[in-house]
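Just so it is clear: chains get the letters A, B, ... in the order the sequence lines come, proteins before strands, and each one is counted from 1.
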Protein chains: 2
Amino acid sequence: MTSEPNLLAVIQRQLNELNKSEAKVAQAILNAPEEATRSSIASLAAAAGVSEPSVNRFCKRFGATGFPDFKLQLATSLASGVRYVSRAVEFSDDINTFPTKLFDNAINALMTAKEELPLKAIARAVDQIAQARRVYFFGLGTSAAVARDAEHKFFRFNVPVFTHEDPLMQRMLAASAGVGDLFFFISHTGRTKVLVEAAEIARQTEATIVSLTAEGSPLADQSHCCINVKIEEDTEQYLPMTSRLVQLVTLDVLAAGVTLRRGEGFTPHLARIKDSLKDTRFQTS
Amino acid sequence: MTSEPNLLAVIQRQLNELNKSEAKVAQAILNAPEEATRSSIASLAAAAGVSEPSVNRFCKRFGATGFPDFKLQLATSLASGVRYVSRAVEFSDDINTFPTKLFDNAINALMTAKEELPLKAIARAVDQIAQARRVYFFGLGTSAAVARDAEHKFFRFNVPVFTHEDPLMQRMLAASAGVGDLFFFISHTGRTKVLVEAAEIARQTEATIVSLTAEGSPLADQSHCCINVKIEEDTEQYLPMTSRLVQLVTLDVLAAGVTLRRGEGFTPHLARIKDSLKDTRFQTS
DNA sequence: CTCATTATGTAGTAAATTTACAAAAATATA
DNA sequence: TATATTTTTGTAAATTTACTACATAATGAG
C-alpha cells in the first residue's frame with residue numbers, strides 16, 4: 001500500500017509544479033478539503049473555474065485512478081485528524097483553536113519528514129557513531145537543547161558523549177580532536193557562524209564530522225556525512241517550533257540504529273541503566 | 001457531523017435486525033471493507049448476491065444519503081481506526097523499517113495528545129505565566145532538555161526565565177522564592193524524588209507552581225496547576241521518546257498562548273529578538 | 001385462503017465520470 | 001518574426017454508475 005499519509009501536504013508541496021488549471025483545482029481542494037470529498041467532479045470543476053476533464057487529470061496526476069478514487073484517498077487522508085497543511089497562529093485565535101493548530105503543524109512536519117527520510121545518510125551516521133571512540137553533540141540556541149537531549153540518549157552506548165553550549169569550548173574541543181572522535185553538529189539553518197567555524201576547525205583534524213542540518217549549507221559542506229531532514233517551513237514567524245521536533249526524532253532514529261547495531265546482547269546493559277534510576281523515584285502507590 | 005467512530009462495528013451490531021438481502025450486503029462489506037470502498041454499487045451487489053437497489057437501501061438504512069456517501073463514511077471510519085497503533089522497534093528491524101516506526105510512534109503520540117488537550121489547565125497556565133515576575137523551568141534527565149528548550153522560548157516575553165539542572169540549585173531557588181515567582185516543573189512520571197522535594201519547598205513560599213506531568217502523581221499534588229497531557233505509553237523499553245515530544249509541543253502551545261496574550265503590539269519586540277541573530281549567520285548566497 | 005404488508009428485483013432514467021478528439025496556448029525553431 | 005511543435009485545456013460524445021418508480025415475490029395476519 002503506497003497511500004500517502006497526507007495527501008493535502010503532497011498537493012501543497014507540488015503546487016508550484018502544476019500548470020494553471022491544475023493549480024486552480026489544487027487551490028479549490030486546499031480551501032475546502034472536506035467539501036471536496038463530498039462534491040461531484042462537476043461542482044468541483046465549477047468551484048475551481050476549470051473544466052471537468054481538468055479535474056480528472058489532476059486526480060490522475062496524484063496517483064488516483066480517477067476522481068472517485070481521489071476523493072477516497074482524500075477522505076482517508078483527512079480522517080487521520082490532521083486537517084490542514086500548515087496553519088499559522090493568528091492573533092484572532094483563541095484557546096480552542098491555536099493549541100490544535102500547533103499540534104497539527106507538529107504532526108505535519110513529522111509526516112513530511114517521514115516521507116523523505118535520508119536513509120543512506122542515517123545508516124552511515126549510525127555506522128560512524130557506533131564506531132566512534134567519543135561523540136560530541138554541538139548545537140546553539142534551540143539546537144542546544146536538542147544536543148542536550150541527544151547526550152541523554154547516546155551516553156547509554158558505552159561511548160563517552162559530550163555536549164557544550166559554549167562556542168569557545170566547542171572550538172577548543174574541535175581543535176584538540178583526533179582519530180575516533182565524532183562531532184555531531186545540529187543546526188536548523190546550517191549557517192550559524194560560530195558553529196560552522198567549529199566544524200571547520202574540527203575538519204582539520206582526524207575527527208569525523210556528522211551534521212543534522214540543511215543540505216547545501218556551509219555546515220553541510222564541512223561534514224563527512226550530512227543528514228538532511230526535509231524541513232517543512234516554519235510558518236510562525238518568531239519561534240522555531242517544528243524543525244527541532246524533526247531533529248529530535250531523527251536523533252531517536254540514530255539512537256535506535258546504534259542499539260540495533262549493538263545487538264540483542266546489549267539489552268542487559270540498557271536495563272541496568274534503567275534500573276539505576278529506580279531509587280530516585282517515589283514508588284507507585 | 002455525528003459520524004460514528006466505527007461504522008463496521010455498527011453494522012456488525014445490527015446484523016440480526018437486518019432482513020435477508022441487507023444481511024447479505026452487510027456480510028459482503030464486513031468480509032472485505034477496503035474493497036467495498038473501492039467498488040461500484042453493481043460489483044458490491046454482485047458480490048453480495050443481491051440487486052443494486054438493495055445495496056442502496058442498505059446504505060440509507062445506515063444514515064448515508066446514498067451509496068457514494070456510504071463509501072465515504074466507510075473509508076473515513078477505516079482510516080481513523082487503523083491510525084492509533086504504535087509499534088515497538090525489534091531487533092529484526094532493518095534500516096527500512098525502524099526509522100518509519102519511530103516517526104509513526106511520534107506522530108501517534110502527538111495525535112493522541114491532541115485529542116485530549118487539557119485546555120482549561122493550559123489556559124490557566126498561560127494566565128499565570130503571563131503574570132509572573134520570574135519563571136523557573138525545572139526538569140531532570142530528558143526533561144532537563146525540555147526545560148532548556150522552554151527557556152529558549154519563554155525568555156522572549158520580557159520575563160526573566162531560569163533553568164537549572166542541578167537539584168541543589170533547584171532546592172535553593174525554590175526556598176528563596178516569593179510572590180510573582182513561578183516554578184514550572186517538567187516530569188514524565190511526576191515521581192522523581194528530588195524534583196518533588198523542590199516542589200514541596202517551593203510550595204511553602206508565595207510562589208506559583210505549575211507542572212507538566214502525570215495526573216495524580218506526587219508532583220501534580222504539589223502544583224497549583226497541573227497540565228496533564230495524555231501520554232501514549234512508550235512502547236520501547238529503555239528510551240523515553242514520545243513523551244518529551246508531547247511536552248515540547250505543549251510548551252509551544254503555552255508560549256503561543258502568552259504571545260497572544262501580549263497582543264499584536266508585542267510583535268515588534270519579537271522581531272527585534274529575531275533580528276538580533278541576523279549577524280550570527282552566514283548570508284544565503 | 002385471501003388480503004395486507006413488507007421485501008426484493010427489473011427496467012428505465014438521470015447523473016456522474018471518463019474518453020477521444022479538437023482548439024487554444026505556450027514554447028521552441030528557423 | 002513567422003512557423004512548427006509541444007503542451008495544455010476544453011467540448012462533446014460514450015460509458016459507467018447510481019437512483020427512482022414500479023412490479024413482482026415473499027411473508028404474515030385474520
Side-chain angles (χ1 to χ4, degrees), chain A residues 3 7 10-11 13-78, chain B residues 3 7 10-11 13-78:
Chain A
S3 76
L7 187 53
V10 176
I11 294 172
R13 186 145 19 94
Q14 298 210 1
L15 209 55
N16 312 331
E17 295 152 35
L18 298 174
N19 42 38
K20 249 178 278 174
S21 46
E22 284 178 340
K24 283 188 202 167
V25 177
Q27 206 52 63
I29 291 170
L30 291 172
N31 283 345
E34 292 88 354
E35 205 184 317
T37 62
R38 277 180 267 106
S39 53
S40 70
I41 195 169
S43 54
L44 182 57
V50 299
S51 69
E52 298 180 18
S54 289
V55 176
N56 192 273
R57 280 186 284 262
F58 174 89
C59 297
K60 288 182 175 170
R61 185 186 236 278
F62 284 93
T65 64
F67 183 69
D69 183 48
F70 177 84
K71 281 200 294 189
L72 201 76
Q73 286 186 217
L74 184 60
T76 303
S77 171
L78 290 175
Chain B
S3 74
L7 186 53
V10 175
I11 294 172
R13 187 151 9 99
Q14 300 211 0
L15 209 56
N16 312 332
E17 296 153 35
L18 298 175
N19 42 36
K20 250 178 277 175
S21 45
E22 284 178 339
K24 284 187 201 168
V25 177
Q27 205 53 61
I29 292 169
L30 291 172
N31 283 344
E34 293 89 356
E35 204 183 317
T37 61
R38 278 179 267 108
S39 50
S40 71
I41 194 169
S43 54
L44 182 57
V50 300
S51 69
E52 298 181 19
S54 289
V55 176
N56 192 271
R57 282 187 281 261
F58 173 89
C59 296
K60 288 182 175 167
R61 186 186 236 277
F62 283 93
T65 64
F67 183 69
D69 183 47
F70 178 84
K71 281 200 295 189
L72 201 75
Q73 286 186 216
L74 184 59
T76 303
S77 169
L78 289 175

Original post:
Reading nucleotides 6-11 of chain D from the 5' end, what letters show protein touch, with B for base, S for backbone sugar-phosphate only, - for no heavy atom under 4.0 Å?
Top reply: --SBBB
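Of the residues in residues 26-42 of chain B, not one comes within less than 4.0 Å of DNA chain C through any heavy atom.
Close to D/dA18, at under 4.0 Å from its OP1 or OP2, lies no side-chain N or O of B/Lys60. Put simply, A/Asn56 has no side-chain N or O that comes within less than 4.0 Å of OP1 or OP2 on C/dT17. An OP1 or OP2 oxygen of D/dA18 is reached within less than 4.0 angstrom by a side-chain nitrogen or oxygen of B/Lys71.
Among residues two or more places apart in sequence or in another chain, the side chain to side chain donor-acceptor pair (under 3.5 Å) test is passed with A/Thr37 by none. For B/Ser51, the side chain to side chain donor-acceptor pair (under 3.5 Å) partners at least two apart in sequence or on another chain are B/Ser54. Listed by chain and number, the residues in a side chain to side chain donor-acceptor pair (under 3.5 Å) with A/Arg61 are A/Glu22 (sequence neighbours excluded). In this structure B/Phe67 satisfies the ring-ring contact (aromatic ring centres under 6.0 Å, His included) test with no other residue, sequence neighbours excluded.
Nearest heavy-atom pair, A/Leu18 versus A/Ala23, reported as atom, atom and distance to 0.1 Å: CB-N, 4.0 Å. Among all heavy-atom pairs drawn from A/Ala36 and A/Lys71, the shortest one is O-CD, 3.6 Å.
Rounding to whole angstrom units, CG of residue B/Leu18 and C1' of C/dA7 are separated by 13 Å. Between the CG atom of B/Asp69 and the P atom of C/dA16 there is a distance of 14 Å, given to the nearest Å.
At most 12 heavy atoms of other shown residues, nucleotides or ligands fall within 6.0 angstrom of atom CD in B/Glu35.
Expressed to the nearest 0.5 Å, how far CG of B/Leu74 lies from CG of B/Asp69 amounts to 11.0 Å.
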